[in-house]
Amino acid sequence: DAGVIQSPRHEVTEMGQEVTLRCKPISGHNSLFWYRQTMMRGLELLIYFNNNVPIDDSGMPEDRFSAKMPNASFSTLKIQPSEPRDSAVYFCASRSPASGRIQYFGPGTRLTVL
Amino acid sequence: AQTVTQSQPEMSVQEAETVTLSCTYDTSESNYYLFWYKQPPSRQMILVIRQEAYKQQNATENRFSVNFQKAAKSFSLKISDSQLGDTAMYFCAFMKTGDNAGNMLTFGGGTRLMVKP
């Protein structure tokens, strides 16, 4: 079975540009999570969805960040406009009710904002 | 709010020996899960082991085992017969249970483990 798929794996952009990160959860999983990893703040939850509905977005840094889940097999995290402090690794994870609370992570997207 | 603390930023161990990584957490919850995730240089987050708080028996997965001390809010990871492939960052994580909000993971700061040949 394919795991969580994220694209792109690496993204380099200039300050002020729009960035869109993509995630395809594991088939059958109904919860999806976006995390950000930085040296300063470690791993922190940005937002999570249950059955395509955003449940908790209190971790989203500011209005420049938005996330959508239009269907059970696709989610996006958008940053507009991007800033150098957004440089980080962004992880998507998914889980199913049968997975015993285990979240399965994608390979991450390394974002660099110049 | 929950907090997870890993007091050892870096550790090293000789191949084939045993090492223990420490983790403490702070919560007022009585029901929760604890996890150890491994992040090798590839940066993929890989589940190592999981412990349910209501289970007194310590979880084990092959060479990996935990020492779960609920009263002390401690959750250490023991790696036996260390292998070079165990070199990675290890993250301790907490998840409260009971409602939808409990599906979030709160991570510690990580411990970088190096296994030396």
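Everything numeric here is computed off the predicted structure, so don't read it as measured data.
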Measure Glu44(A) against the heavy atoms of chain B and call it side chain, backbone, both or neither at under 4.5 Å.
neither
Partners of Tyr25(B) by side chain to side chain donor-acceptor pair (under 3.5 Å), sequence neighbours excluded?
Tyr32(B)
Answer yes or no: are there more than 12 heavy-atom neighbours, outside Lys70(B) itself, under 6.0 Å from its atom NZ?
yes
Using side-chain heavy atoms (C-beta onward) and a distance below 4.5 Å, is Arg101(A) in contact with Glu52(B)?
no
Which bit of Gln39(B) is near chain A, if near means a heavy-atom gap under 4.5 Å: side chain, backbone, both or neither?
side chain
Look up atom CE in Met104(B) and atom CZ in Phe33(A), then write down how far apart they are to the nearest 0.5 Å.
9.0 Å
Are Leu84(B) and Ile46(B) linked, directly or through intermediate hydrophobic residues, by side-chain heavy-atom contacts shorter than 4.5 Å (ILVMFWY only)?
no
Report, as yes or no, whether the 6.0 Å neighbourhood of atom CZ on Arg112(B) holds more than 12 heavy atoms from other residues, nucleotides or ligands.
no
More than 12 foreign heavy atoms under 6.0 Å from CD of Gln56(B): is that the case here?
no
Quick check: do Leu47(B) and Tyr104(A) have side-chain heavy atoms less than 4.5 Å from each other?
no
Within the side chain of Arg43(B), is there an N or O that forms a donor-acceptor pair under 3.5 Å with the backbone of Gly108(A)?
yes
Determine, using the 4.5 Å side-chain heavy-atom cutoff (strictly less than), whether Phe49(A) and Ile55(A) are members of one ILVMFWY cluster.
no
I would like to know whether Tyr35(A) and Leu105(B) meet side-chain contact (heavy atoms from CB on, under 4.5 Å); could you show each step before the answer?
CA-CA 10 Å; Tyr35(A) 292 89; Leu105(B) 285 169; 3.3 Å; yes
With only heavy atoms counted, which part of Arg41(A) is less than 4.5 Å from chain B, the side chain, the backbone, both or neither?
neither
Bottom line for Leu43(A): the part with an atom under 4.5 Å from chain B's heavy atoms is both
Roughly how far, to the nearest 0.5 Å, is CZ of Phe35(B) from CD of Gln103(A)?
7.0 Å
Can you tell me if Gln14(B) has over 12 outside heavy atoms packed within less than 6.0 Å of its CD?
yes
Is any side-chain heavy atom of Ile102(A) less than 4.5 Å from a side-chain heavy atom of Tyr33(B)?
no
Pairing residues for Tyr37(B) by the ring-ring contact (aromatic ring centres under 6.0 Å, His included) criterion, not counting sequence neighbours
Phe105(A)
